[in-house]
Amino acid sequence: MREIAHAEDMTKFNDAVEALKELPIWNQNKALRDWFLGTWLKERKRWAWVFRKDELQVAIHTTNGLE
């Protein structure tokens with residue numbers, strides 16, 4: 001699933017989704033399939049980098065209040 005979330009283009013995204021569907025756990029775990037298809041994939045624009053690469057990405061670095 002990390003490969004799906006970190007895909008940089010649609011080809012890699014689709015290939016990663018298909019690779020997940022070929023794993024034995026995909027066929028063995030209905031809850032995983034239901035969650036992935038009904039929740040994660042439905043909100044893919046929130047999670048996958050391919051859809052978010054044009055958004056502002058800001059890194060925040062702190063020293064736990066010791067600045």
Side-chain angles (χ1 to χ4, degrees):
M1 288 184 51
R2 184 173 293 136
E3 289 182 25
I4 298 169
H6 292 179
E8 297 173 357
D9 59 46
M10 284 304 297
T11 301
K12 290 179 183 175
F13 178 84
N14 291 328
D15 289 347
V17 169
E18 291 306 313
L20 173 65
K21 291 179 179 180
E22 292 175 5
L23 293 175
I25 194 166
W26 181 261
N27 292 320
Q28 297 167 357
N29 192 330
K30 183 180 180 325
L32 170 64
R33 290 191 310 268
D34 290 347
W35 173 81
F36 182 79
L37 295 172
T39 304
W40 198 94
L41 201 55
K42 192 166 129 181
E43 296 291 331
R44 63 186 167 262
K45 291 184 178 181
R46 294 177 64 191
W47 311 121
W49 287 0
V50 68
F51 300 107
R52 302 183 63 204
K53 61 185 170 186
D54 294 331
E55 292 182 14
L56 178 63
Q57 302 290 323
V58 178
I60 299 173
H61 302 280
T62 69
T63 55
N64 295 323
L66 300 176
E67 291 88 44

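Predicted model, so just to flag it, every value in this text is computed and none were measured.
For the atom pair NE2 of His6 and NZ of Lys12, the computed distance is 13.0 Å after rounding to the nearest 0.5 Å. Summarising the geometry, atom NZ belonging to Lys42 is positioned 13.0 Å from atom CH2 belonging to Trp35; distances are rounded to the nearest 0.5 Å. Note that CG of Leu23 is 11.5 Å distant from CE of Met1, once rounded to the nearest 0.5 Å. Put simply, CG on Leu32 and CD1 on Ile25 are 6.0 Å apart, with the number rounded to the nearest 0.5 Å.
The shortest heavy-atom contact between Ala48 and Ile4 is CB-O, 4.1 Å. Of all the heavy atoms in Arg33 and Asn27, the pair that sits closest is NH1-O, 3.0 Å.
Aromatic ring pairs are classed by plane angle as parallel below 30°, tilted from 30° to 60° and perpendicular above 60°; the pair Phe13 and Trp40 is parallel.
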